[in-house]
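Report on one structure; see the data block that follows.
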Amino acid sequence: MAEIKWITNEFELGDFGMGGAYIKRGGYITQTRTLAESFLRERNISWIKRAGVTKIEEGKVHFETLDGTAGEETFDFAMLIPSFTGHGIKAFAKDGSDMTDKIFAPNGFMKVDADYTPKPFEQWSAEDWPSTYQNPDYGNIFAAGIAFAPPHAISKPMTTANGMKAFPAPPRTGMPSGVTGKVIAQNIADWVKTGKPLMKHKASMAKMGAACIVSAGYGMMNGAAATMTVYPIVQDWEKYPEFGRDISYTIGEAGLAGHWLKWFMHYMFLHKAKGYPFWWLLPE
């Protein structure tokens, strides 16, 4: 009953902030671009890719594409997903001096055990990513989930002809947040019990898998969802030179079964969050 248009800073649909993925689907290997485009086409959703929003007015959105072309779209209702940033917390030493830059990255996220050395895209490595999420200068400070500062994006950085950055940020919500939070809690518990910061529990996003289910319609018989798993989240081209990820565990499907799984997952999440019997058996 409505015309829907998706404006995205992805270079191609299906980038998902992780440089896209090759997935095993129906016995063959395809790209997430194919999955994403077909999913939107089936629902009559059009798109504008490689674009960054520059301005919002009443009923009108302005954007710029990578080639520098300015465009605009009118709307009756719009939802904008802004760039992720930290909370803007300030940090001060005992003497009152400002040490915010020592603890937080310029985007406001907390620095952890990652390699923040500026590097060109071609030199990015899976080893750049943190594994314990512990601040290197203050060992009693940790940052889980979206709170930690990534060493860099996963998708290739893109800049428009006029100098505006237009590429998606790394996904750190959902499953990665749950896993990193658990690892931090386990390391703190060990520290309390032994009196030593052993940090034996690790969970790098370059060695961690994740599953995602995107709802696209409700109903036990006519609902739909896109289900996808990737392993690892951050590509490791040295370990997996052909596809960047283990193709055996990087799969994607769309349909009614995904809706049932999403519906079931909501109840599992509530069960775990409320600490009901055997909650610890449920994965993040």
Side-chain angles (χ1 to χ4, degrees), residues 6-21 31-33 36 47-56 61 63-66 78-89 103-131 133 143-160 162-181 203-214 226 228 230-237 244-245 250:
W6 166 237
I7 301 176
T8 177
N9 57 14
E10 298 168 289
F11 191 80
E12 298 290 357
L13 261 62
D15 181 285
F16 302 139
M18 58 180 189
Q31 292 179 315
T32 47
R33 172 189 174 182
W47 60 83
I48 299 171
K49 60 186 180 182
R50 306 175 190 177
V53 172
T54 57
K55 184 180 179 181
I56 297 288
V61 58
F63 61 88
E64 180 183 322
T65 56
L66 285 180
M79 181 176 70
L80 181 68
I81 305 175
S83 300
F84 285 173
T85 61
H87 192 276
I89 297 172
I103 296 182
F104 298 100
N107 56 15
F109 295 123
M110 185 176 289
K111 294 179 181 179
V112 290
D113 58 315
D115 184 352
Y116 295 107
T117 307
K119 304 175 185 177
F121 173 75
E122 292 73 21
Q123 294 180 18
W124 288 0
S125 167
E127 298 304 315
D128 298 339
W129 288 78
S131 57
Y133 306 91
I146 203 169
F148 82 85
H152 44 66
I154 303 175
S155 303
K156 185 176 181 178
M158 296 288 179
T159 305
T160 70
N162 296 317
M164 182 179 71
K165 294 180 179 179
F167 59 94
R172 287 171 288 147
T173 54
M175 201 168 177
S177 290
V179 173
T180 56
S204 167
M205 285 178 59
K207 299 177 182 178
M208 180 197 311
C212 181
I213 307 174
V214 183
M228 183 177 174
V230 293
Y231 180 82
I233 301 169
V234 178
Q235 305 104 313
D236 187 338
W237 293 104
R245 297 182 174 94
T250 304

Between [X] (side chain only) and [Y] (backbone N and O only), is there a donor and an acceptor less than 3.5 Å apart?
X: Thr65; Y: Ala51; result: no
X: Arg245; Y: Pro232; result: yes
X: Glu10; Y: Gly17; result: no
X: Ser155; Y: Gly19; result: yes
X: Ser204; Y: Ser131; result: no
X: Thr180; Y: Gly145; result: yes
X: Tyr116; Y: Ala105; result: no
X: Tyr133; Y: Ala147; result: no
X: Thr32; Y: Gly20; result: no

Requested in this report: Using a strict cut-off of less than 4.0 Å between a Lys/Arg side-chain nitrogen and an Asp/Glu carboxylate oxygen, indicate whether Lys119 and Asp128 qualify as a salt bridge.
Outcome: yes

Rounded at 0.5 Å granularity, tell me how far [atom1] in [X] sits from [atom2] in [Y].
X: Lys111; Y: Phe148; atom1: NZ; atom2: CZ; value: 15.0 Å
X: Met158; Y: Phe11; atom1: CE; atom2: CZ; value: 4.5 Å
X: Phe63; Y: Lys55; atom1: CZ; atom2: NZ; value: 15.0 Å
X: Asn9; Y: Thr160; atom1: CG; atom2: OG1; value: 11.5 Å
X: Arg33; Y: Leu13; atom1: CZ; atom2: CG; value: 8.5 Å
X: Leu66; Y: Phe167; atom1: CG; atom2: CZ; value: 11.0 Å

Query raised in the report: Side chains of His87 and Ile89: closer than 4.5 Å at any heavy-atom pair?
Result: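 Yes, side chains in contact.
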
Query raised in the report: Are the side chains of Trp129 and Asp236 in touch, meaning some heavy atoms are under 4.5 Å apart?
Result: no

Kindly give the heavy-atom pair with the smallest separation between [X] and [Y], and that separation in Å.
X: Pro157; Y: Phe121; answer: CD-CD1, 3.9 Å
X: Ala206; Y: Ala126; answer: CB-O, 3.4 Å
X: Met18; Y: Gln235; answer: O-NE2, 3.4 Å
X: Phe16; Y: Ala36; answer: CZ-CB, 4.4 Å

Requested in this report: Establish, for the pair Arg172 and Phe109, whether the NZ or CZ atom is under 6.0 angstrom from the six-membered ring centre and no further than 45 degrees off its axis.
Outcome: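 Relative to the ring axis of Phe109, which defines the angle, Arg172 lies inside both limits.
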
Query - For Arg50, all residues meeting salt bridge (Lys or Arg N to Asp or Glu O under 4.0 Å), sequence neighbours excluded - result: Glu12

Query raised in the report: Do other residues, nucleotides or ligands put more than 12 heavy atoms under 6.0 Å from Lys49 NZ?
Result: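 For Lys49, atom NZ is crowded (more than 12 foreign heavy atoms under 6.0 Å).
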
Query raised in the report: Between the side chains of Asp115 and Thr117, is a donor N or O closer than 3.5 angstrom to an acceptor N or O?
Result: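 There is such a pair between these side chains.
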
Query - Geometric class of the Trp124/His152 ring pair [parallel <30°, tilted 30-60°, perpendicular >60°] - result: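 Rings of His152 and Trp124: parallel, as their planes differ by under 30°.
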
